[in-house]
Amino acid sequence: MGKVMDFLKKLGENRVILPVLLVVGFILTLAISQFAPLEQGLQSVLRELHLNTYVIALVGINVILCASLNLVNGYMGEFSVGHAGFMSLGAYASSIVTVKLLPDMPDALFFFPVIVGGVVAALAGFLLALLSFKTRGDYLAIITLAFLMIVKSALENIPYVGGPRGMLGIPKLTTLAWAFFWAVVTIWVLRNLLYSKFGRAIAAIREDEIAANSMGVRVREAKILAFSVSAFFAGVAGALFAHLLVFATPATFGIFTSTEILVMVYLGGIGSLAGSIIGAVVYTLLSNWLLPLGTWRMVIMPLILVLLMLFRPKGIMGFRELPWFLPKREARRKDS
Amino acid sequence: MSALLEVRNVSRHFGGLKAIAECDFSVTEGHAHGIIGPNGAGKTTLFNLITGIYKPTAGEIVFAGERLDGLRPSRIALKGIGRTFQNIRLFKQLTVLENVRIAYDSQLRYSPLEALLTLPRMGRNEAESIAKSSALLEAFGLGALSDSLAGDLPYGLQRKLEIARAIALKPRLLLLDEPAAGLNSGETAALTEFLRWVRTEYKVTLLLIEHHMHLVMGLCDRITVLDFGQKIAEGTPEEIRGNKRVIEAYLGAEEE
């Protein structure tokens with residue numbers, strides 16, 4: 001038993017494995033996206049597991065959504081239910097670029113519309129942050145709910161983006177490689193933010209906003225940063241999702257989608273990047289495997305949530321982190 | 001020596017209640033200045049006015065020649081006023097080191113973009129923050145507890161950590177709200193010595209609210225007495241000890 005623990009500890013302290021895995025993973029996903037025989041091979045393997053490449057790409061997108069929502073709901077301790085709203089802004093803004101503005105854009109430039117989607121969502125996140133100066137907790141949660149409804153009904157009433165029918169004919173640009181790439185970028189940027197003075201400011205706001213203020217924490221700056229960065233990546237995920245699904249309707253991004261992301265966050269664990277990844281992977285795979293159960297799926301998934309809240313309210317990883325996700329200076333300090 | 005903090009005719013009303021009424025006093029740089037008074041006299045309200053948590057209804061608060069009233073609490077803190085709280089407000093779920101680092105962070109210079117992309121200047125700043133904060137904890141005798149959660153510390157050490165956290169701001173003025181609350185007389189004597197050390201080591205002016213008279217009389221150069229939101233006396237510990245109005249405020253007036 002001791003040997004296993006020692007091995008795990010060594011594994012955790014190793015700073016080389018993760019970067020190597022990421023490079024290998026990226027090359028692999030890129031190769032799969034480029035060569036049809038490889039993709040067919042992967043599909044047949046996944047079929048054995050009752051999965052497909054669509055679900056795997058969705059895992060990547062859900063990692064982005066879950067980690068970015070965790071920034072606001074976990075690390076900052078607010079309760080946002082508006083994540084699907086940011087997602088829809090990203091989906092629509094990027095689709096306007098690929099469908100209407102630059103229909104002949106080479107596939108390799110797909111990062112550009114995705115960033116446009118992220119920036120549009122981040123602007124909305126900035127506005128929400130301004131409202132968070134005055135309100136907190138339940139009241140802010142209601143504002144995020146209102147935001148979600150406003151975005152949905154606005155999109156339903158703009159003919160340019162198809163009204164209630166939504167945007168059709170979106171090119172399928174989201175490959176496994178892009179999903180993987182953006183998931184890694186999200187986790188990396190969030191880690192950088194969290195282990196900076198801004199990340200500590202966000203945690204201080206969660207713990208005690210008055211004390212944070214009195215310790216010179218620029219609370220407004222931290223809130224703007226948290227909401228904007230969180231919304232940016234929700235927008236990125238929305239852009240990827242629209243270009244995976246090849247359509248986007250206002251109904252796709254409703255309260256149910258927000259709830260799904262919330263479940264992932266609280267399943268994996270609030271205040272943890274590793275938890276966000278675990279939550280997104282477990283939830284996406286589980287809900288796919290339970291699909292054949294039909295209506296029973298809608299009984300089992302909420303039941304899991306109830307049991308989770310009763311027995312492990314902070315989720316699987318709640319406020320704990322794998323050493324791999326710590327910056328070197330923090331990881332080194334911990335074991336010295 | 002000049003006045004570091006001036007409270008000029010400050011009032012604060014909550015509805016019909018005058019929590020602070022035309023309060024007027026100043027704190028000399030380098031002094032330890034005590035504020036005493038019966039429960040509900042408005043002492044903590046006064047602290048909350050100075051640190052910007054409440055805005056004065058009337059009057060001015062001037063720190064090192066600059067108006068403070070109307071500024072946000074974080075701005076006031078950054079101008080050089082650190083504080084502790086009556087009922088300890090540590091970041092309980094964060095580590096001891098993180099608590100201190102959050103206050104030290106105001107001295108770090110890097111932008112959000114440098115943080116998101118983890119550019120070199122951020123790394124240098126962060127390394128400095130870890131080193132300086134750890135050194136401060138060592139000086140306070142809390143070094144061995146760096147990685148414990150602040151909320152897990154025993155009560156006395158939580159009080160000490162709160163002072164360390166305030167000192168990490170590098171304040172010129174440190175406000176202490178009942179630092180000896182809940183301590184026995186032996187611990188209070190140790191705290192008095194400790195506060196003397198903090199004052200000389202970090203060259204900080206102290207303004208403290210306290211009920212333990214031994215601490216106040218032993219430590220303070222000057223004392224202001226509040227009752228029902230008004231200043232009823234001010235002077236050196238000796239003057240206050242013999243002041244008739246102060247004795248009345250605490251014990252009630254004798255029947256005629």
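Naming convention: chains lettered A, B, ... in sequence-line order (proteins, then strands); numbering from 1 in each chain.
Figure legend: cation-pi geometry between B/Lys160 and B/Phe194, with NZ or CZ positioned under 6.0 Å from the six-membered ring centre and within 45° of its axis.
Residue with the most contacts toward chain A among B/Asn125, B/Leu78, B/Ile76: B/Leu78 (heavy-atom pairs, distance under 4.5 Å). Top candidate by heavy-atom pairs under 4.5 Å with chain A, chosen from B/Pro171, B/Ala115, B/Ala103, B/Ala168, is B/Ala115. The residue among A/Gly271, A/Ala212, A/Ala201 with the most heavy atom pairs within less than 4.5 Å of chain B is A/Ala212. Contact count versus chain B (heavy atoms, under 4.5 Å) is highest, among A/Gly216, A/Ala203, A/Gly199, for A/Gly216. In terms of heavy-atom pairs under 4.5 angstrom with chain B, the leader among A/Arg218, A/Met215, A/Arg206 is A/Met215. In terms of non-hydrogen atom pairs under 4.5 Å with chain B, the most contact-rich of A/Asn213, A/Val219, A/Val229 is A/Asn213.
In this structure, no portion of B/Thr84 lies under 4.5 Å from any heavy atom of chain A. Contact of B/Tyr104 with chain A is not made at all, since no heavy-atom distance falls under 4.5 Å. Proximity to chain A (any heavy atom under 4.5 Å) is restricted, for B/Ile53, to the side chain, taken from C-beta onward. Looking at B/Leu169, only its side chain comes within 4.5 Å of chain A, counting heavy atoms on both sides. Interface residue B/Leu117: backbone and side-chain heavy atoms are both found under 4.5 Å from chain A. In this structure, no portion of A/Phe319 lies under 4.5 Å from any heavy atom of chain B. Contacts between B/Phe91 and chain A at a heavy-atom distance below 4.5 Å involve backbone atoms as well as side-chain atoms. Residue contact with chain A, scored on non-hydrogen atoms closer than 4.5 Å, is absent for B/Arg75.
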Applying side chain to side chain donor-acceptor pair (under 3.5 Å), run through B/Thr205 and B/His31 and close with a yes or a no. CA-CA 6 Å; B/Thr205 304; B/His31 268 185; over 6 Å; no
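Inspection of the B/Gln86 and B/Glu178 side chains reveals an N or O donor paired with an N or O acceptor under 3.5 Å. In this model, no donor atom of one side chain and acceptor atom of the other lie less than 3.5 Å apart for A/Tyr195 and A/Arg191. In this structure, a donor-acceptor pair under 3.5 Å is absent between the side chains of A/Ser214 and B/Arg83.
Between B/Trp197 and B/Tyr202, the ring centre distance stays below 6.0 Å.
Between A/Phe111 and A/Trp178, the angle of the ring planes lies from 30° to 60°, which puts this pair in the tilted group.
Here the rule is salt bridge (Lys or Arg N to Asp or Glu O under 4.0 Å) with B/Glu114, and of B/Arg124, B/Arg109, B/Arg121 only B/Arg121 fits it.
Within the 4.5 Å cutoff, side-chain heavy atoms of A/Leu225 are placed close to those of A/Leu193.
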